[in-house]
Amino acid sequence: MQKILVQGGIRLDGEVRISGAKNAVLPILCATLLADSPVCITNVPRLHDVLTTAKLLAGLGAGVEHAGDVMTVDPRSVNSHVAPYELVKTMRASVLVLGPLLAKHGVAEVSLPGGCAIGSRPVDLHIKGLQALGADITVDHGFIKARSNGRLKGARHVFELVSVGATENVLMAAALAEGTSVLENAAMEPEIVDLANCLNAMGANISGAGSSRIVIEGVPHLSGCTHAVIADRIETGTFLVAAAMTGGRVTVTHARPGTLDAVLDKLRETGADIAIEGDRITLDMHGKRPQAVNLTTAPHPAFPTDMQAQFMALDCVAEGVGVINETIFENRFMHVNELLRLGADIRVDGHTAVVRGVAKLSGAPVMATDLRASASLILAGLVADGDTVIDRIYHLDRGYENIEAKLGALGARIRRVD
Ligand code: EPZ
């Protein structure tokens with residue numbers, strides 16, 4: 001099993017290119033199943049979850065070509081409507097084929113995605129939303145079995161809770177439904193805007209994506225298109241936090257500054273200077289130690305839960321005390337125990353962590369438990385005294401393209417070891 005070795009103490013300096021967004025490309029690849037002809041997706045990040053999704057689409061019979069950062073999916077040869085447990089258990093985003101298969105083929109069987117390290121991750125909101133469009137859905141023997149008698153019917157649906165995945169599944173299904181759908185209390189993440197833009201390029205008629213009210217006029221057919229995936233706002237935030245923690249100066253390029261305002265505001269609170277110029281964001285810490293920040297995670301445009309672990313790592317070495325509230329997932333403090341091994345001072349009380357900044361962390365062997373927790377351990381290793389070895393880094397490869405090469409280009413002493 002591969003590990004990553006980080007030797008702390010280097011101030012990061014330089015430029016890094018941001019890849020396409022994992023949480024945009026996964027639903028967009030599933031949306032290709034809605035089309036009557038091949039769909040070409042560009043700026044596709046090289047991530048394990050992308051390879052898993054490609055395998056899932058190929059398993060359904062679609063033609064999938066993947067060269068560099070371009071993936072072309074030909075849905076015309078789809079001949080199966082079953083997403084198997086073997087794949088779904090490795091990536092719960094596989095559930096996003098449910099809406100497209102149902103809308104296009106009238107039938108879908110998707111293994112119930114299990115929970116994961118950060119929570120039970122139910123899919124009840126996905127199911128209720130699709131039932132609102134007329135789907136007949138049962139769940140038994142670990143499978144979600146969905147079918148529709150003829151075309152789905154447009155409807156007004158209010159999501160009980162804001163859910164990114166449920167919004168995406170229902171949005172994709174509504175695109176081919178008969179009549180108008182209105183989705184209320186919809187998630188507003190930039191990845192949903194990107195999905196809607198791709199669907200509209202395929203011939204859909206969607207307005208309001210990015211707001212809590214999305215209106216979809218269903219169309220009978222969707223065609224292929226070429227769509228470039230937006231930049232990954234969480235990768236962007238992760239590199240900027242690395243710059244702030246090490247007191248360095250980093251410019252991220254090919255980014256989408258407008259998609260991470262809450263993160264940039266928090267970084268300014270740590271004392272960082274931030275300059276924005278088109279698709280470039282430069283964070284300069286001028287060698288200073290960051291000030292601790294308080295944060296509460298919440299749906300977009302508020303502070304993203306996917307940046308919580310990274311900011312906890314920053315608070316571990318900041319001046320002062322930071323209070324972190326995680327409101328989205330019930331178990332997203334798995335990185336705390338590993339940060340404590342590095343000498344951090346963190347006290348957890350339910351969904352709240354109180355982090356008292358220490359002058360120095362000390363390197364040690366630690367274990368990644370989930371994607372963003374592994375990122376926070378790398379960040380802590382960048383500033384810890386001595387060597388930090390992070391195990392189970394397959395979590396990391398799910399969501400970060402070549403992170404050690406990108407950090408190495410900024411001066412970090414980081415490499416994979418067996
Ligand atoms: C997406 O997950 C992202 N994943 C997550 O990123 C992200 O943390 C999350 O949105 C929140 O922003 C992808 O886009 C592939 P939700 P998703 O449905 O859609 C509850 C990362 O690190 N809920 O918005 O699964 C759920 O348990 C990953 O890149 C239900 O109760 O998140 C959670 O408490 C981690 N019933 C809350 O809603 C449902 O049917 C928000 O979940 C669905 C969700």
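As the structure lists them, so they are numbered: ligands from 1, and atoms in each ligand from 1.
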Of all the non-hydrogen atoms in the protein, which one sits nearest to atom 3 (C) of ligand 1, and at what distance?
-> N23 ND2, 3.6 Å

Which donor-acceptor pairs under 3.5 Å do side chains of residues 131-139 form with protein atoms, sequence neighbours excluded?
none

Within a distance under 4.0 Å of any heavy atom of G165, pick out the atoms of ligand 1 and give their elements.
-> 18 (O), 19 (O)

For R92, the atoms of ligand 1 under 4.0 Å from one of its heavy atoms are 25 (O)

R415 bridged to E404 by N-O distance under 4.0 Å = no

Would you mind listing which atoms of ligand 1 come within a distance below 4.0 Å of any non-hydrogen atom of T305?
-> 8 (O), 11 (C)

Please work out whether any backbone atom (N, CA, C, O) or any side-chain heavy atom from C-beta onward of V164 is under 4.0 Å from ligand 1, and answer side chain, backbone, both or neither.
-> both

Looking at atom 27 (O) of ligand 1, what's its closest protein heavy atom, distance included?
-> P122 CD, 3.4 Å

Please write down residue, atom name and distance for the protein heavy atom closest to atom 2 (O) of ligand 1.
-> R121 NH2, 3.5 Å

Would you name the heavy atoms of A244 and T270 that are closest together and state the gap between them?
-> CB-OG1, 4.5 Å

Using a strict cut-off of less than 4.0 Å between a Lys/Arg side-chain nitrogen and an Asp/Glu carboxylate oxygen, indicate whether D36 and K104 qualify as a salt bridge.
-> yes

Atoms of ligand 1 less than 4.0 Å from H126 heavy atoms?
-> 40 (O)

Which of the ligand 1 atoms, numbered from 1, are nearer than 4.0 Å to a heavy atom of L371 = 22 (O), 29 (O)

In the protein, what heavy atom is nearest to atom 34 (O) of ligand 1, and what distance, to one decimal place, separates them?
-> I328 O, 2.6 Å

Which residue supplies the protein heavy atom nearest to atom 5 (C) of ligand 1, what is that atom called, and how far is it?
-> D306 OD2, 3.8 Å

Applying side-chain contact (heavy atoms from CB on, under 4.5 Å) between I144 and each of L98, V88, L102, report the one that passes.
-> L98

Contact region, H300 to ligand 1, non-hydrogen atoms below 4.0 Å, reads neither

Tell me which protein heavy atom sits closest to atom 20 (C) of ligand 1, plus the residue, atom name and distance to 0.1 Å.
-> L161 CD1, 4.2 Å

So with a 6.0 Å cut-off around CZ of R413, is the heavy-atom count from everything else above 12?
-> yes

Are any of the side-chain nitrogens in E15 or R280 under 4.0 Å away from the carboxylate oxygens of its partner?
-> yes

For V123, take its heavy atoms, then give the atoms of ligand 1 lying under 4.0 Å from any of them.
-> 39 (C), 40 (O)

Specify the closest pair of heavy atoms between L339 and C316, including all atoms of both residues, with the distance to one decimal.
-> CD1-SG, 4.1 Å

Atom 36 (N) of ligand 1 sits nearest the protein heavy atom D124 OD1, 2.7 Å

Salt-bridge criterion met for D418 and K3 (N-O under 4.0 Å) | no

For ligand 1, which part of E330 has a heavy atom less than 4.0 Å away: the side chain, the backbone, both, or neither?
-> neither

Please work out whether any backbone atom (N, CA, C, O) or any side-chain heavy atom from C-beta onward of R372 is under 4.0 Å from ligand 1, and answer side chain, backbone, both or neither.
-> side chain

Carboxylate-amine/guanidinium proximity below 4.0 Å for D397 and R416 | yes

Where's the contact between R332 and ligand 1, heavy-atom distance under 4.0 Å: side chain, backbone, both or neither?
-> side chain

Please say whether K22 places an N or O atom under 3.5 Å from an N or O atom belonging to ligand 1.
-> yes

Minimal non-hydrogen separation, A262 against P301, with atom names = CB-O, 3.6 Å

Can you pull out the closest protein heavy atom to atom 18 (O) of ligand 1? Residue, atom name and distance to 0.1 Å, please.
-> S163 OG, 2.7 Å

With heavy atoms and a 4.0 Å threshold, my read on which part of L125 contacts ligand 1 is both

E235/K22 ion pair, N-O < 4.0 Å = no

